[in-house]
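To keep things clear, I will list the structure first and then write my remarks on it.
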Amino acid sequence: MDQSGQQQGVGAAGNQVSRSAGLALTDFLMQLEEYNPTIPDAVTAYYLNSSGFDTADGRLVRLISLAAQKFVSDIANDALQHCKMRGAQQSSSKIKGKDKRFTLTMEDLTPVLAEYGITVKKPHYYI
Amino acid sequence: MKKLRTDKIMATVNEYLKKRNLETPAPGGTASECHAGVVGLVSPSTPNTFTFSTTSTHHSQIDLQYVRLKSWMMDASEPCRSELSQVLFPLFIHLYLELVAGTGRQTARKFFGKHYQVFLVNRDYESILSQVLTAANVSSSVDMSSSPIIQNLKSGKYLVRLSEVTLNYFLRYLKATENPTLLQIFNTYIEVEVDDSGAGSSGAIFRTPDNHSGASNGLVNGHTPESMTSETLAASADGMDCTQEELQKVKDAIARLKSAQPVPPSLCVYSVSNAYNGLSCACVNSDGSLLSCGFEDSVVKLWKLTAPVHNVGFRQKTFTVGPRGGTSHTLLACDASRIEDDGDGAAEEEEAVAEARNGARRRNRGGELFALRGHQGPVMDTCFTHDSSHLLSVSEDTTMRLWNLESGQAVALYRGHTYPVWCVTASPLTMHVATGSYDTTARIWATDYTYPLRTLAGHTQSVDCVAFHSNGTYLATGSCDRTVRLWQVMDGDVARVLVHHKAPVSALAFSPNGKYLASGSEDGAVLVWDLAAGRVLTDLGGTDSSTGSTETSEHLDPIASLCWSADSALLVSASTDGCVRSSHFRQTTISDGSSGWELSEVRQVVCGAGTNGGVGGGQLLHTSLTCHNYLTAVTALDVER
């Protein structure tokens, strides 16, 4: 497979690791064919093209869209954790029982994104 | 004579009625009754149609037609004239006989007397003429028709040899003007043999179906009617050598052409429609055969405009129509789409045949060659190398890329700028490439090295356009700080700073003779600079000092591009609103004796009218002059802003 070949060409050290990683990736790619990521292929293809990546292999596109999906869901989960922590602290009469609905707000999102290396500053008012 | 005529009419009508098995009217009915009867029969129901031409051959009509024909023949051009003159004699004879039969000897004699002299030059014609004349002088028509010569004439057909061109010409004339009698006689009594061998002016042979009478033998005429065509032959002999006057005329024409205004070249506009992915730049190569467009979604698309002139490596490319590789494929108006020939022979006729065969189908074939992907930001400018084998593109991602146009692969990536690169140009002679960027520098590169050879710093704002001088030693850069700088390529030193513009400089062009530089700015001003002196020679749209007129022939929108004609006499300026103006650049003398320069407008066209009624219409992106001496312009339609 191309992937494993490239991995092998990198260097002598860590060869074993890289080869097994390559094998795992190719197996994973084969499993990917049954799974449809949430982000449509066309959207991912558009963004890949506009950043200079051109491929005819649809599985690579799916791999990237899966990676993007994981990225977004990780951030969302972390923000959820933040929100729950805050909710545990402020237990007041306003909350109706187990609050099943959580709202994603900037005060939860900003520290999470900062952990991932993205700095967000929202203006106080819209100009 | 009148009695004869009515008799004739009666006879014809009775014959016709008998043929149709109809009731014959009472004999002795008046001519008008018979006429009415005939008309009544002629306008029946459709199954009974019968075409019957009553050629009312009034004698003046005949004369008129003959005279018109003769004058037309005299005016005809050389090879046709001598051939057509053969036809004149039989027509004359038969017209004369018609007149004799129809209207009487008086008018016939008048006709004869008026026209026969032309034919006297030919002995054979003369003999026939005299015979016919004596025969026609007989009193009754019966006697006349029994005379041998007339019988001969009426029974056989006069053979004439004409070339196809002449024949078509003659027939066209006959049909265009009203010559019913001539047509009739031509069809009945003259037989044409189409002979393209150019021996058209050889003798006309009188041919009879049966060779029984001695008189007919004497009529065989194998001589060339030399006398008839003597004047024409003389004329053709003159045509071979130029006379002195003609030579003088040609010389005058050449002199007039040289001093006249240059003719603006033809403009070929390519419109890119449905450019929703943001067409940001366009470039046509020097052949006019390739179009490259840079888009805001980081792709460079390449189209083939014409059949390959040099067959540079496009041989193995096959076109695919429809979606390719999963991305959708839009057919553009600029797809000239000729059939690509796969063979090495590249015979032009092969291509032409293939095109003709495929006709309408080829209209829908996309001429798109590649979509080149690799940039990470909108592509700001593209440039072909001079042999059109490679393409350079610069983008907002601060890099420049080199693409191989045979394979569609990226060859090299050049890093050096720190901000978006706006423009790129290749030197005509050397292998240098220059780019201008938002980081206020211009850099000079060689395609071999991925780092710049020289960094030209000096501008205070971003460098918008660059251009190489025709000898490759100087580079001009135009900037948002409203100056134009001339740099020496070898040293990297500033040679000149040209200050005059009142708005950011958006286009530059050196003249092919190397003496002048034209610069255009965003307020529509176009200036021509004298490079030796470093000053402005003239500008477009200034007041014409010699005539004092103040015609506003200015552009009002930013100048998109400038180009010179190959002789440096014509400057073409194009602004983003689609107005393409060609101006004649020349030296003039002002009234007080000193000489000045002026740019006088020759032609102005507006291209790029939008498909939706001008709203959101075309934005002119690029104009250039191809080596085949026509202008190409690229406009983008339906661009959403």
Side-chain angles (χ1 to χ4, degrees), chain A residues 1-11 25-72 74-75 113 116-121 126-127, chain B residues 274-281 293-302 318 320 322-330 368-380 382 391-405 407-415 420-421 450:
Chain A
M1 288 278 186
D2 274 359
Q3 288 270 331
S4 55
Q6 279 168 14
Q7 297 283 357
Q8 278 168 5
V10 170
L25 209 54
T26 49
D27 290 337
F28 180 63
L29 267 181
M30 291 196 303
Q31 287 175 0
L32 200 57
E33 284 174 23
E34 296 111 34
Y35 178 73
N36 283 338
T38 316
I39 306 176
D41 279 350
V43 175
T44 315
Y46 171 74
Y47 282 106
L48 283 174
N49 285 342
S50 65
S51 51
F53 184 69
D54 199 10
T55 180
D57 190 355
R59 295 174 308 172
L60 284 176
V61 175
R62 292 218 169 152
L63 187 65
I64 304 294
S65 57
L66 188 62
Q69 186 179 342
K70 179 184 183 300
F71 183 69
V72 173
D74 281 349
I75 292 176
L113 286 175
Y116 278 84
I118 303 169
T119 322
V120 184
K121 278 198 171 61
Y126 185 68
I127 301 170
Chain B
N274 298 325
Y276 291 108
N277 46 353
L279 182 64
S280 51
C281 70
C293 289
F295 291 91
E296 283 182 7
D297 60 354
S298 328
V299 67
V300 178
K301 291 202 177 169
L302 203 69
T318 52
T320 57
R324 50 159 79 198
T327 56
S328 66
H329 174 97
T330 321
E368 181 177 326
L369 284 178
F370 304 109
L372 305 169
R373 294 200 169 88
H375 277 296
Q376 290 168 335
V379 179
M380 291 281 107
T382 55
L391 177 71
L392 288 155
S393 61
V394 285
S395 122
E396 208 183 321
D397 65 356
T398 77
T399 62
M400 174 166 74
R401 280 174 196 259
L402 182 69
W403 308 85
N404 183 338
L405 293 182
S407 57
Q409 298 297 319
V411 173
L413 169 65
Y414 302 91
R415 289 189 208 277
V421 187
T450 58

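All values derive from a computational prediction rather than experimental measurement. Every chain is numbered from 1, with letters handed out A, B, ... down the list of sequences. Both backbone and side-chain heavy atoms feed into the values below; hydrogens, waters and symmetry mates do not.
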- [ ] Specify which of A/Ala45, A/Gly58, A/Ser51, A/Ala42 makes the most heavy-atom pairs with chain B at under 4.5 Å.
- [x] A/Ser51

TODO: Give, as side chain, backbone, both or neither, the part of A/Tyr47 having an atom under 4.5 angstrom from any heavy atom of chain B.
DONE: neither

- [ ] Could you pull out the closest heavy-atom pair between B/Ser298 and A/Asn49, with the gap in Å?
- [x] CB-O, 4.1 Å

Task: Reported CD-to-OG distance for the pair B/Gln376 and A/Ser50, which is rounded to 0.5 angstrom - done: 9.5 Å

